[in-house]
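Here the structure is laid out as structure tokens; the discussion comes afterwards.
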Amino acid sequence: MPVLSVWMVRTALLQLSLGFMVGGLILMRNALPGGASLYRLVPLHLEMLLIGWLVQLAMGVGFWMLPKFREGRPRGREELVWTAYVCLNSGVLIAGIAQSADGAALLALTGRGAEALAAVLFLANAWPRIKPFGV
Amino acid sequence: MPTLTRWLIRTALLWLLLALVLGVGIVTPDRLGLPPALAGLRPTWVHFIVVGWITQLIFGVAYWMFPRHSVTHPRGLTALGWAGYTLLNVGLVLRVTGETLTLLGHPQSLAALSAPLQMVAGWTLAAMIWPRVKEK
């Protein structure tokens, strides 16, 4: 497994652990003193589990498993995917926290923009690797 | 395919089946002669798919296919995997039971009780696979 995939998969596992913790607190809100306000964390819970966990895991495993190039850099332009990694994780935190707060629409937009940029960068590297093995 | 993987994947398939059956029931419960309140189970349905199906399937395949932990213990911390498997599925069963009873007007705390089980399940499964996420 390449270093970049190690970082992506491990960060996805961290997002899973944090996302489950946030979800657990939301589910227990009625049993916790002052817990009703925890329901505001639903957007952060969704962002962490859908994008931070599932999407990031798929990207990490995709970067590892897709066919490599026979010439040049075997896994393509890794710097694009490193940038995608940074954009995706900062986007998840910014969009998740901003949506859970009031009056932070611009920040939420910024976070979602960072996530979209991560998708573009990942796709730019993965697209040419979707090919028969050995070509 | 290792035993833990078979249990994780087969149970994931059962959650997928339950999710799709539940999906039929909650989309228009009144037309099926079911209590209309069941439409409120949409979050439960999402958790069947994202936790019971996708997440459980991922851990099943990862336990099988990820780089080996060591020569003596190739699949690493199997006991953590079994603990995570049990907690995750007991947690989901408690959750759906609790949320259904609540929707039908029987206030209780089964759903809240399921929360710590699911939280610890996520941490346990992540801890099981963590040492196997490494360069060869």
Side-chain angles (χ1 to χ4, degrees), chain A residues 1-36 38-66 68 74-75 78 85, chain B residues 42-44 46-47 49-69 77 80 84 87-88 91-92 94-99 102 107-136:
Chain A
M1 191 184 287
V3 177
L4 177 48
S5 290
V6 171
W7 276 81
M8 288 189 118
V9 174
R10 285 193 167 176
T11 312
L13 289 169
L14 287 176
Q15 294 268 9
L16 169 82
S17 301
L18 289 173
F20 266 46
M21 187 180 76
V22 172
L25 290 174
I26 294 168
L27 203 54
M28 288 190 288
R29 67 188 180 281
N30 292 331
L32 299 172
L38 288 170
Y39 194 72
R40 294 165 54 139
L41 296 177
V42 167
L44 179 63
H45 173 60
L46 292 174
E47 212 79 23
M48 285 180 138
L49 290 176
L50 295 180
I51 312 291
W53 161 233
L54 293 175
V55 172
Q56 183 160 222
L57 182 84
M59 286 181 170
V61 174
F63 182 74
W64 172 29
M65 292 291 203
L66 285 172
K68 292 187 274 188
R75 289 193 166 86
E78 289 196 22
Y85 166 77
Chain B
R42 185 176 293 270
T44 311
V46 171
H47 283 83
I49 293 175
V50 174
V51 179
W53 162 236
I54 302 176
T55 297
Q56 190 155 218
L57 181 79
I58 287 169
F59 279 107
V61 174
Y63 179 78
W64 174 25
M65 302 290 257
F66 268 27
R68 297 192 173 234
H69 181 264
L77 307 163
L80 278 182
L87 290 168
L88 189 88
L92 271 177
L94 284 182
R95 182 189 181 128
V96 66
T97 310
E99 289 186 334
T102 302
Q108 40 66 54
S109 53
L110 273 184
L113 182 66
S114 78
L117 299 184
Q118 292 177 83
M119 274 164 61
V120 177
W123 300 341
T124 307
L125 290 168
M128 169 195 73
I129 222 67
W130 185 274
R132 293 182 54 192
V133 182
K134 59 178 184 176
E135 293 179 76
K136 279 189 180 174

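Nothing here was measured: the structure is a model prediction, and the numbers come from that model. Proteins get letters first, then strands, A, B, ... in listed order; numbering begins at 1 in each.
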- Item | Heavy-atom side-chain contact between L125(B) and F20(A) under 4.5 Å | no
- Proximal component of V133(B), with respect to chain A [non-hydrogen, under 4.5 Å]: both
- Message: So M65(A) and M65(B), do their side chains get closer than 4.5 Å, heavy atoms only?
- Response: no
- Query: Would you call T55(B) and W53(A) a side-chain contact if the rule is heavy atoms closer than 4.5 Å?
  - Reply: yes
- Is W7(A) atom CH2 crowded by more than 12 heavy atoms from other residues, nucleotides or ligands, each under 6.0 Å away? no
- Message: With a 4.5 Å cut-off on side-chain heavy atoms, are R132(B) and V9(A) touching?
- Response: no
- Query: Between L117(B) and chain A, which part of the residue has a heavy atom less than 4.5 Å away: side chain, backbone, both or neither?
  - Reply: neither
- Task: Tell me, for L32(A) versus chain B, whether the close heavy atoms (under 4.5 Å) come from the side chain, the backbone, both or neither.
- Result: neither
- Select, from R10(A), R29(A), M1(A), the one with the greatest count of heavy-atom pairs under 4.5 Å involving chain B. R10(A)
- Message: If you compare all heavy atoms of G24(A) against all heavy atoms of A115(B), which two are closest, and at what distance to 0.1 Å?
- Response: O-CB, 3.4 Å
- Item | Heavy-atom pair of closest approach, residues G122(B) and L16(A) | O-CD2, 4.0 Å
- Applying the side chain to side chain contact (heavy atoms under 4.5 Å, CB included) test to I54(B), which of L57(A), L54(A), L50(A) qualifies? L54(A)
- Message: Using every non-hydrogen atom in the two residues, find where S114(B) and L27(A) come nearest and quote the distance to one decimal.
- Response: OG-CD2, 3.5 Å
- Note on the structure: Residues E135(B) and P2(A): closest non-hydrogen pair is CG-C, 4.5 Å
- Heavy-atom proximity to chain A below 4.5 Å, by part of V46(B): neither
- Message: Looking at every heavy atom in both M21(A) and M119(B), which two are closest together, and how far apart are they?
- Response: CA-CG, 3.8 Å
- Note on the structure: CZ of F59(B) to CG of L13(A), rounded to nearest 0.5 Å, is 5.5 Å
- Task: Answer with side chain, backbone, both or neither: which region of L25(A) has an atom nearer than 4.5 Å to a non-hydrogen atom of chain B?
- Result: backbone
- Message: Between P67(B) and W64(A), is there a side-chain heavy-atom distance shorter than 4.5 Å?
- Response: yes
